[in-house]
Amino acid sequence: MSDQEIERRKSLEFLIQNNINPYPAEAYPVNVTAEEIKKNYDEQKNNYQDVSIAGRMMSRRIMGKVSFIELQDHTGKIQVYIKRDTLCPGEDKSLYNIIFKKHFDIGDIIGIKGFVFITQSGEITIHATEIKMLAKAIRPLPIVKEKDGKVFDAFTDPEQRYRQRYLDLILNPKSRDVFIKRTKIVNSMRDFLNSKGYLEVETPILQPIYGGASARPFVTHHNTLDIDLYLRIANELYLKRLIVGGLPAVYEFSKDFRNEGMDRFHNPEFTQMELYVAYKDYIWMMELVEQMVEYITVQLYGTTKVKVGENEIDFKAPWKRLTMYDAIKEFTGIDISNMNEEELRKTAKTLGIEVDETMGKGKLIDEIFGETVEPNLIQPTFIMDYPVEMSPLAKKHRSKPGLVERFEVIVNGKELANAYSELNDPIDQRKRFEEQLLLAKRGDKEAMMLDEDFLQAIEYGMPPTAGLGIGIDRLTMLLTDSHSIQDVILFPQMKPDRTVFELNELVDKLQEAGVPTEWIKVFPQIGIKSLKALKNIKPGKLHQDLCGFNKKNKLNLTNPSLEEVEKWLEGLK
RNA sequence: GGUUGGGUAGCUCAGCCGGUAGAGCAUCUGCCUUUUAAGCAGAGGGUCCCGGGUUCGAAUCCCGGCCCAAUCACCA
């Protein structure tokens with residue numbers, strides 16, 4: 001424990017000794033926010049003369065009989081003026097001199113009652129008449145200072161920001177804003193879909209057969225049924241079953257899981273919104289998508305233009321539409337629409353793209369597209385008509401052989417959404433699944449499984465349907481100008497903290513070896529935080545360290561005998 | 001997985017040309033009744049990521065490992 005933590009625990013004790021509950025149970029009445037005061041306070045009107053506000057103490061300047069603190073609530077910071085003789089009008093000044101000055105700390109959550117005024121240097125400030133501890137912080141907060149909009153000692157270490165998101169939210173208003181925007185984006189999307197009468201539904205996350213996308217799944221096990229289940233990689237096949245069931249339009253905000261690489265665009269769990277509408281096709285879906293995203297953008301910013309990195313992106317509908325072949329022609333000058341596999345492979349090589357013999361026609365086209373076109377599409381663009389090999393759930397194109405009715409939305413060089421005219425021909429669907437099985441046999445770990453139950457459903461007849469998947473994390477990244485997916489997911493996946501892991505391992509082993517719980521707690525405090533640290537320790541030294549710590553810190557534990565310590569160490573082997 | 005940069009006080013970082021470990025903020029003691037990165041005077045605080053090696057001597061040099069970031073590759 002650091003000196004600061006020890007100090008704070010002492011303060012905690014002091015408060016309790018003096019009948020001040022550091023964690024009171026009762027509600028604290030709040031009648032105003034920091035933002036409201038700063039926006040609406042008017043010296044002439046003399047308003048806000050009886051405010052009650054709560055928040056975290058973020059800084060403190062003690063000047064003898066007077067102090068200034070910054071109080072932060074969910075809307076921002078406001079300065080509070082604490083004057084000894086206002087707070088303690090009588091003889092007893094201990095509330096100010098002792099309680100506040102000695103035992104309140106930066107990071108504590110407190111309540112303030114008082115009246116608003118403007119200081120000599122012109123800052124809107126609450127003059128406190130009452131101050132109350134609402135929750136004592138026994139761990140010090142990282143200190144961030146600010147002057148003229150310039151931030152000093154900013155809390156920017158990405159690892160700490162993601163692992164301890166609560167600190168990020170306290171210390172970085174921008175981060176808080178991103179997550180508020182994320183929720184607004186989701187709410188606007190839901191409003192838009194509900195206004196059209198579409199039905200929000202919930203489908204299984206645990207699936208006996210995973211499907212609806214090409215990706216490797218997470219596997220788990222159900223004990224009672226004694227079967228493996230998969231965390232869904234998509235919910236497409238379930239939503240389509242609902243279309244078969246006669247629901248005309250269904251959607252779901254779906255947390256999906258893919259057991260693949262992680263980078264700034266990929267988190268193992270992520271959110272998609274999938275939508276299926278009966279009697280529509282992918283042309284119709286393009287209009288819906290551009291209208292929906294335009295609506296969301298306007299709801300969020302009041303304009304369709306958003307700054308993303310160096311670029312200004314305009315989401316105003318309609319968006320540009322290009323077929324995949326035309327897009328490649330536009331960016332390379334090469335028309336690949338009539339090429340066979342060999343010609344495609346040669347073309348890819350001349351474009352400097354690495355290819356190998358296992359790649360089929362569809363994969364080659366996809367590589368050429370991904371390499372030459374995708375990064376160059378900054379403004380929202382629909383790319384239409386994909387090769388059939390890449391899209392086992394999309395309907396064959398109404399007029400172009402070898403292609404399917406599919407589009408992707410590319411914005412800022414990245415895929416944002418994916419949609420098809422859904423394949424509803426059960427014979428064709430079975431054939432496509434069988435082709436996937438062949439790929440799987442050849443070793444493609446992402447090939448789709450054959451879902452007999454789904455086939456059965458569409459054999460009963462599924463109306464022609466348009467389907468869409470849109471990445472909520474990606475959309476939020478775009479609309480909040482966030483560099484990494486970790487900036488738009490509150491708790492992104494991280495490698496487990498090894499020190500914590502090792503400590504847990506140690507505690508488990510010590511328990512197994514029969515070490516009493518109260519003594520297990522002592523081990524980390526004498527510097528033994530992992531099994532490794534116990535490996536070469538002599539029983540005599542361990543015994544001394546343990547008993548010494550007990551005595552020094554007056555823990556009043558019964559010291560183990562040397563024999564007992566020897567027995568513990570034996571038990572660890 | 002490759003390459004590059006990084007890991008030092010509670011926080012942000014300096015020190016790296018081997019020679020007793022530093023600054024600012026935070027903390028502690030004292031002063032200060034409108035300050036604002038408050039100020040002044042004093043004090044405490046470190047497994048320099050871990051493990052080896054070279055050396056009389058390693059935060060610093062070498063080797064191995066762990067973790068983080070950027071970027072590329074792979075993967076949607």
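Just so it is clear: chains get the letters A, B, ... in the order the sequence lines come, proteins before strands, and each one is counted from 1. Computed from a prediction, not measured in an experiment: that's the story for all the values here.
The interatomic distance linking L141(A) (CG) with rC11(B) (C1') rounds to 10 Å, in whole Å. One can place CD of E371(A) at 11 Å from P of rC72(B), the figure rounded to the nearest angstrom. A straight line from CZ of R139(A) to P of rU27(B) spans 17 Å, rounded to a whole angstrom. Per the geometry, CG belonging to N97(A) stands 10 Å off P belonging to rC32(B), to the nearest Å. Computed from coordinates, the F104(A) CZ to rU27(B) P distance equals 15 Å when rounded to whole Å. One can place CD1 of I106(A) at 13 Å from C1' of rU36(B), the figure rounded to the nearest angstrom. The NZ atom of K93(A) sits 13 Å away from the P atom of rU33(B) (whole-angstrom rounding). The interatomic distance linking E43(A) (CD) with rU34(B) (C1') rounds to 13 Å, in whole Å.
The gap from the C1' atom of rC16(B) to that of rG5(B) amounts to 15 Å, rounded to the nearest Å. To the nearest whole angstrom, the two C1' atoms, one in rG45(B) and one in rA23(B), are 14 Å apart. Across the P atoms, rC48(B) and rG10(B) are found 12 Å apart, a figure rounded to whole Å. Rounded to whole Å, the C1' atom of rU60(B) lies 12 Å from the corresponding atom of rA21(B). One C1' atom belongs to rG15(B), the other to rG22(B), and the distance between them is 7 Å to the nearest Å. The separation of rG7(B) from rG46(B), taken at their C1' atoms, amounts to 15 Å, rounded to a whole angstrom. Separation of the P atoms belonging to rG19(B) and rU12(B) is 26 Å when rounded to the nearest angstrom. The gap from the P atom of rU71(B) to that of rU27(B) amounts to 37 Å, rounded to the nearest Å.
With a 3.5 Å ceiling on both atom-pair distances, the Watson-Crick or G-U wobble partner of rC40(B) is rG30(B). Base pairing annotation: rU54(B) forms no Watson-Crick or G-U wobble pair, as no partner gives both donor-acceptor distances under 3.5 Å. Of all nucleotides present, only rC72(B) satisfies the Watson-Crick or G-U wobble test against rG1(B), with each distance under 3.5 Å. Of the nucleotides present, none pairs with rC17(B) by Watson-Crick or G-U wobble criteria with both distances under 3.5 Å. Remark: rU47(B) base-pairs with no nucleotide; criterion is Watson-Crick or G-U wobble with both hydrogen-bond distances under 3.5 Å.
The CG atom of L393(A) sits 8.0 Å away from atom CD of Q436(A), with the distance rounded to the nearest 0.5 Å. To the nearest 0.5 angstrom, L377(A) atom CG is 12.5 Å from F382(A) atom CZ.
Shown for residues 4-17 of chain A: residues whose heavy atoms fall under 4.0 angstrom of RNA chain B, namely Q4(A), E7(A).
Nearest to the side-chain atoms of E159(A) among the listed nucleotides rU33(B), rA37(B), rC68(B) stands rC68(B). You'll find that the side chain of D153(A) is closest to rC11(B), out of rU35(B), rC11(B), rC75(B). Comparing atom distances between the E123(A) side chain and each of rU35(B), rC32(B), rA26(B) picks out rU35(B) as nearest. Of all nucleotides listed (rU33(B), rC67(B), rU27(B)), rC67(B) comes nearest to the side chain of R163(A). Proximity note for T119(A) (side chain, C-beta onward) versus rU34(B), rC25(B), rU27(B): the nearest is rU34(B). The D157(A) side chain lies nearest to rU12(B) when the options are rU12(B), rU33(B), rA37(B). Of the candidate nucleotides rU33(B), rG44(B), rU34(B), rU34(B) has the atom lying nearest to any side-chain atom of F68(A).
Within 4.0 Å (heavy atoms only), A213(A) reaches no atom of the nucleic acid at all. At the heavy-atom level, F117(A) lies under 4.0 Å from base atoms of the strands shown. Residue K102(A) is in sugar-phosphate contact alone, with no base atom involved, counting any heavy-atom pair closer than 4.0 Å across all strands shown. Within 4.0 Å (heavy atoms only), S67(A) reaches no atom of the nucleic acid at all. Counting non-hydrogen atoms under 4.0 angstrom, D148(A) reaches nothing in the nucleic acid. Among the protein residues, E374(A) comes within range of the nucleic acid bases, having at least one heavy atom under 4.0 Å from a base atom.
Applying the side chain to side chain contact (heavy atoms under 4.5 Å, CB included) rule to E91(A) yields no partners; only residues at least two apart in sequence or on another chain are considered. Listed by chain and residue number, Y210(A), P217(A), V219(A), M449(A) satisfy the side chain to side chain contact (heavy atoms under 4.5 Å, CB included) test with Y230(A) (two or more places apart in sequence, or in another chain). Judged as a side-chain hydrogen bond (donor to acceptor under 3.5 Å, both in side chains), and not counting sequence neighbours, D481(A) has no contacts. With sequence neighbours excluded, the residues that form a side chain to side chain contact (heavy atoms under 4.5 Å, CB included) with K38(A) are I78(A). Residues passing the salt bridge (charged side-chain N to carboxylate O under 4.0 Å, His left out) test with K102(A), sequence neighbours excluded: none. Every side chain to side chain contact (heavy atoms under 4.5 Å, CB included) that E371(A) has, sequence neighbours left out, goes to I353(A). Among residues two or more places apart in sequence or in another chain, the side-chain hydrogen bond (donor to acceptor under 3.5 Å, both in side chains) test is passed with T75(A) by D73(A).
A tilted orientation is assigned to the rings of F115(A) and F117(A), their planes being inclined by 30° to 60°.
Anti is the conformation of rC48(B), whose glycosidic angle sits further than 90° from 0.
Residue order along RNA chain B, read from the 5' end via each residue's closest nucleotide, puts S2(A) first among R264(A) and S2(A). Along RNA chain B, the nucleotide nearest to P158(A) and the one nearest to K65(A) differ in position, and the one closer to the 5' end is contacted by K65(A).
With hydrogens and angles ignored, the 3.5 Å screen pairs no side-chain donor or acceptor of E422(A) with any backbone N or O of K240(A). Remark: side-chain polar atoms of K136(A) are paired, donor with acceptor, to backbone N or O of H103(A) under 3.5 angstrom.
Remark: Q160(A) is in phosphate contact with rU12(B), judged by side-chain N or O atoms under 4.0 Å from OP1 or OP2.
Below the 3.5 angstrom threshold, one finds a donor paired with an acceptor across the side chain of Q79(A) and the base of rU35(B). A donor-acceptor contact under 3.5 Å is not formed by the side chain of S121(A) with the base of rU34(B).
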Pairs under 3.5 Å (N/O, protein and nucleotides 38-41 of chain B):
from    : atom 1 : to      : atom 2 : distance (Å)
rA38(B) : OP1    : K145(A) : NZ     : 2.3
rA38(B) : OP2    : R61(A)  : NH1    : 2.6
rA38(B) : N6     : I62(A)  : O      : 2.9

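Within the cation-pi definition used here (under 6.0 Å to the ring centroid, within 45° of the axis), R165(A) does not qualify as a partner of F491(A).
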